[in-house]
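Before any comments, here is the structure.
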Amino acid sequence: MRILFLGPPNAGKGTQATRLSEYLELPHIATGDMYRHHVAVGDGLGEKAKPYMERGDLVPDDVTNQMARERLLQPDVKRGFVLDGYPRNLVQAEFLDSVMKELKTRLDRVLKFRITGEVLIARSSGRRLCPTCKTVYHMEVRPPANDEVCDNEGTPLLRRKDDEPEAIRNRLEVYGKDTKPLYDLYNEKGLLVEIDAIGSTEDVFARVLEAIR
Ligand code: AMP
């Protein structure tokens, strides 16, 4: 199966996409994770992406499209994929379409995560990340055993720079302007299924499974 996850930042796409990819035994392709990896190792792509990411802006399309294409052409993607955070605007969606044609395949389903603005802000302000093992915590929903240190590593937890209020506001604006038009596009193609993204991880995952059946 070839599944795409769409939704605003902090809608829980990453958590659900990870679970679904394990369940279906398909690669989870998340452009945000790929960029964070490049920033962490400090290579050329990371240097390029970092300032955009910190502001909550999109990294330029040509860079993102090439990175996504390279990943999608790898052999482990042949059986399918769970794509998360890409495409994020119409230019990227068109490019993805051309890659699907190149691979002689097509998307099966596009899942739209529906959530309210207040829930998004609450989620982002509580989110913390272990810089060592990358485990994601939430100070209310999934707090670490000891205050603000990782359960696995004992490392002090960090807040992602793009979870700071200013960056979050910008990310939501970018989402509204650039990403939302994709809903119409995929709806017209008959691929879009809407999911209520408010609720426990278990509840939302049950809805995800229902949506891809
Ligand atoms: P995410 O974890 O998906 O919210 O992505 C974190 C950041 O990585 C975004 O705010 C962008 O700066 C960058 N990024 C991830 N995916 C894309 C994309 N498809 N196009 C442009 N920039 C992206």
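One-based numbering, in listed order, for ligands and for the atoms of each. Quick note: numbers below take in every heavy atom, side chains included, and nothing from hydrogens, waters or symmetry partners. Throughout, residue positions are numbered sequentially from 1 according to the sequence presented.
Listed for the Lys161 side chain is no donor-acceptor partner under 3.5 Å among the backbone atoms of Gly56.
Residue pairs satisfying the ring-ring contact (aromatic ring centres under 6.0 Å, His included) criterion with at least one member in residues 112-152, sequence neighbours excluded, are listed as follows: Phe5-Phe113. Residue pairs meeting the ring-ring contact (aromatic ring centres under 6.0 Å, His included) criterion with at least one member in residues 30-52, sequence neighbours excluded, do not occur.
Using modelled atom types and a 3.5 Å distance limit, the side chains of Thr135 and Asp151 yield no donor-acceptor pair.
Annotation: side chain to side chain donor-acceptor pair (under 3.5 Å) contacts of Thr132 (sequence neighbours excluded): Thr155.
The pair Glu202-Arg19 meets the salt-bridge criterion, with a side-chain N (NZ, NE, NH1 or NH2) lying under 4.0 Å from an Asp/Glu carboxylate O.
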Every pair of nitrogen or oxygen atoms between ligand 1 and the protein that is under 3.5 angstrom apart - can you list them with their distances to 0.1 Å?
residue: ligand 1; atom: 2 (O); partner: Arg36; partner atom: NH1; Å: 2.9
residue: ligand 1; atom: 2 (O); partner: Arg36; partner atom: NH2; Å: 2.9
residue: ligand 1; atom: 2 (O); partner: Arg160; partner atom: NH2; Å: 3.4
residue: ligand 1; atom: 3 (O); partner: Arg88; partner atom: NH1; Å: 3.1
residue: ligand 1; atom: 3 (O); partner: Arg88; partner atom: NH2; Å: 3.2
residue: ligand 1; atom: 4 (O); partner: Arg88; partner atom: NH2; Å: 3.0
residue: ligand 1; atom: 4 (O); partner: Arg171; partner atom: NH2; Å: 2.8
residue: ligand 1; atom: 12 (O); partner: Asp57; partner atom: O; Å: 2.6
residue: ligand 1; atom: 16 (N); partner: Thr31; partner atom: OG1; Å: 2.8
residue: ligand 1; atom: 16 (N); partner: Gly85; partner atom: O; Å: 3.4
residue: ligand 1; atom: 16 (N); partner: Arg88; partner atom: NH1; Å: 3.1
residue: ligand 1; atom: 19 (N); partner: Gly85; partner atom: O; Å: 2.9
residue: ligand 1; atom: 19 (N); partner: Gln92; partner atom: OE1; Å: 3.0
residue: ligand 1; atom: 20 (N); partner: Gln92; partner atom: NE2; Å: 2.9
residue: ligand 1; atom: 22 (N); partner: Val59; partner atom: N; Å: 3.0

